[in-house]
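Given the structure is predicted, the values throughout are model-derived calculations rather than measurements. Throughout, a chain's letter reflects where its sequence line sits, starting with A, and its residues are numbered from 1.
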Amino acid sequence: MRMSFQRKLTILLAGIIIVVFSIMGIFMASSRISELRNEIVNSAEMFVMLSSDRIGDAFFRYYKNAFFKFRSIVMSHKELNRDLKNIQVVDLRGRIFYDMEQYEKGFFDTSRPKYTSDKFVLANVKKMEVNIHKDNNVCIIAPYIDEYGVHNYSIVYYFSLGRLNQELASVIVSSVAMALATVGLGIMLSVVIARRITGHLKILSAGAKRIAQGDFNLNIDIKTGDEIEDLARAFNFMSERIRENIRELNNLIEELKQRDLQKTQFLANISHELRTPLTASLGYVDYLEKGKMGSLNDDQRHGLGIIRRNLERLNREIHSLLLISKYTLEGVKLNPERFDITESIEAIIHDFTPEINRKGLFIEKQYKEKKVYADRNGIHTVVENLISNGIKFADFGTKITIRTDHISEGDKETFQFKISNHGPTIPLDQIEKIFEPFHQVDATTSRRHGGIGLGLSIARNIIEAHGGRIWAESKDGITNFYFSIPQRRDL
Amino acid sequence: MNKNILVVDDEDDILDFVERVLKDAGYIVFKAKDAKEGLAILRSEKIDLLLLDIMLPEIDGWQMMQMIKSDEELKKVPVAMLTARVDAYDKIIGLKEGAVDYICKPFTADELCKRVNDIFYYMEKNNL
């Protein structure tokens with residue numbers, strides 16, 4: 001069970017108070033009892049000393065002739081000590097001549113001799129000094145010496161310790177009452193204190209929660225002048241620091257974004273600037289090749305061909321750069337329509353025929369689905385990049401397989417394109433990275449295969465804009481590239 | 001009758017190439033290096049087609065197009081944009097603004113000739 005700090009603190013404080021008061025009560029009671037016992041015994045002894053001679057005299061003088069005078073003297077003494085229970089006059093053999101208690105109750109029969117059964121009395125009745133026995137009662141035996149100096153009788157006093165029990169009870173009652181009152185007061189006080197402390201803790205915990213939720217505009221106002229205030233101040237300081245750090249980070253992010261934008265803008269501008277000189281160059285090369293500026297010999301034609309191919313390659317790369325910076329700046333804009341993708345594939349294969357023939361490649365086509373609903377230009381670019389990639393990395397004289405397919409999975413309809421080639425295996429840790437801009441598996445491949453590695457990144461941008469997925473698998477010298485695009489069922 | 005074509009582009013080599021190709025195809029070619037020069041020629045000569053680069057110094061191709069389209073005398077001159085931008089979006093803006101065609105750089109001699117021929121063929125067919 002979850003218990004709040006406040007309740008725990010209250011229970012703890014109440015427990016402490018009860019324990020302290022119980023110990024105090026016990027201590028007070030015990031000291032009070034022993035004090036009282038001493039008091040009773042002392043006053044009893046005193047009483048015995050003062051009264052024994054007078055009672056003895058009265059017995060000696062009046063018992064036989066004026067019993068009622070004797071009795072009244074005894075009774076008047078009895079009034080003087082509230083603990084006194086009984087007075088007996090016992091002779092040296094233990095015979096009781098007078099038993100106040102019995103007599104007053106009317107049980108004392110003087111006609112038959114009665115002997116004491118108290119062993120202490122029997123043992124001490126002959127002694128010449130005062131003897132005290134403490135039991136449940138206090139018994140004191142005082143010898144009486146008559147005017148002839150003879151010890152014939154002893155006076156036996158019984159004092160009750162009953163007052164102790166009363167006193168004990170009242171001490172217990174008062175200390176319990178005090179404990180209860182204190183616990184009540186203590187609980188109230190501890191609730192107040194705990195509420196003060198936990199109230200502040202609650203404010204702090206609410207503050208911490210706000211920080212956790214990302215709200216750093218925190219200013220906890222607690223003025224207690226103690227550790228709680230220090231804690232609150234530390235909280236405020238912390239949130240301020242976090243606020244500052246976030247502000248700095250945001251500035252930094254803004255700056256980086258700005259720089260990234262500038263970079264992309266720069267890339268777009270530079271691509272544009274590069275394209276203009278290409279136009280003139282490509283235009284003239286093309287014009288020259290066609291013999292419109294005079295006839296050419298084979299060597300010149302061969303040279304012009306090399307110039308043209310390289311200019312075209314340069315143009316493709318610049319186009320890629322422009323495209324990727326445009327996608328980064330503006331996102332991919334789609335204009336989807338339903339069209340025959342195999343037309344695109346065939347046109348692209350046609351464009352790559354010289355390269356396919358140079359490497360002695362065989363293209364196997366598996367068109368299981370021809371129609372796709374997508375942006376025609378975008379998909380053309382993707383397929384062009386994937387085919388160009390496949391040809392670029394295919395081993396000489398191998399087969400490239402291109403497959404188009406329609407896949408129904410539950411209520412999802414997707415178009416899937418796959419191209420496989422035989423060539424170098426892409427390491428597993430690189431297979432995701434190849435779709436990042438400017439990435440090729442290693443620096444040497446870019447030297448060997450040319451290109452600045454934007455094709456796959458552009459393809460990913462286009463496919464993801466369609467809500468589709470592009471991925472690669474590479475194992476044992478066979479590399480497959482796939483893309484899939486969700487299709488609307490009604491089309 | 002030979003058609004008069006004005007080419008506005010800030011690149012000498014492009015102007016040179018376009019002039020050469022179009023002259024070989026039988027057109028009369030006027031060249032301008034910026035919008036001001038282009039507007040002056042538009043006013044002094046009877047121009048049948050304007051090939052206009054978008055990226056021009058000071059007044060760019062869009063601004064020049066707007067100036068032409070808001071000028072009673074000049075607004076009938078058909079304009080074809082020349083640009084290195086790859087953007088379909090630019091193309092749509094260009095056509096909306098009143099361009100009759102849109103030729104992307106780099107273009108080959110054949111492409112340029114064919115596009116220009118097509119524009120004139122289309123205009124004649126529709127009696128524009």
A.B. asks: Check the surroundings of atom CD in A:Glu337: do more than 12 heavy atoms from other residues, nucleotides or ligands lie under 6.0 Å from it?
C.D. replies: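 Above 12, so yes.
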
A.B. asks: So which atom in A:Thr276 and which in B:Ile14 form the shortest heavy-atom distance, rounded to 0.1 Å?
C.D. replies: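 Reported closest heavy-atom pair: O-CD1, 3.5 Å.
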
A.B. asks: In this structure, are over 12 heavy atoms from other groups packed under 6.0 Å from A:His406 atom NE2?
C.D. replies: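 Yes.
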
A.B. asks: What part of B:Asp16 lies closer than 4.5 angstrom to a heavy atom of chain A: side chain, backbone, both or neither?
C.D. replies: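 Both parts, heavy atoms under 4.5 Å.
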
A.B. asks: For the residue pair A:Lys290 and B:Asp110, establish whether any side-chain heavy-atom pair is separated by less than 4.5 Å.
C.D. replies: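 Touching, per the 4.5 Å side-chain cut-off.
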
A.B. asks: Mind checking the OG1-CG spacing from A:Thr279 to B:Leu112? Nearest 0.5 Å is all I need.
C.D. replies: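 Rounded to the nearest 0.5 Å, the OG1-CG separation comes to 11.0 Å.
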
A.B. asks: Using a cut-off of 6.0 Å, state whether more than 12 heavy atoms not belonging to A:Lys365 lie near its atom NZ.
C.D. replies: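 Yes - once you tally the heavy atoms of other residues, nucleotides and ligands closer than 6.0 Å, there are more than 12.
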
A.B. asks: Who among A:Leu274, A:Leu278, A:Asn315, A:Leu282 has the most heavy-atom pairs with chain B under 4.5 Å?
C.D. replies: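 It is A:Asn315.
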
A.B. asks: Quick check on the interface: out of B:Leu15, B:Asp13, B:Val18, B:Asp24, who has the most heavy-atom pairs with chain A under 4.5 Å?
C.D. replies: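 If we count pairs closer than 4.5 Å to chain A, B:Asp24 comes out on top.
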
A.B. asks: Does atom OH of A:Tyr367 have more than 12 heavy-atom neighbours from other groups under 6.0 Å away?
C.D. replies: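 Result for OH/A:Tyr367: enclosed.
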
A.B. asks: Do other residues, nucleotides or ligands put more than 12 heavy atoms under 6.0 Å from the CD atom of A:Glu432?
C.D. replies: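 No - once you tally the heavy atoms of other residues, nucleotides and ligands closer than 6.0 Å, there are 12 at most.
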
A.B. asks: Looking at every non-hydrogen atom in both residues, tell me the closest pair between A:Tyr287 and B:Ala109 and how far apart they are.
C.D. replies: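 Closest approach of A:Tyr287 to B:Ala109, heavy atoms only: CD1-CB, 3.3 Å.
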
A.B. asks: Please name the pair of heavy atoms, one in A:Arg275 and one in B:Lys105, separated by the smallest distance, quoted to 0.1 Å.
C.D. replies: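 The answer is NH1-O, 3.1 Å.
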
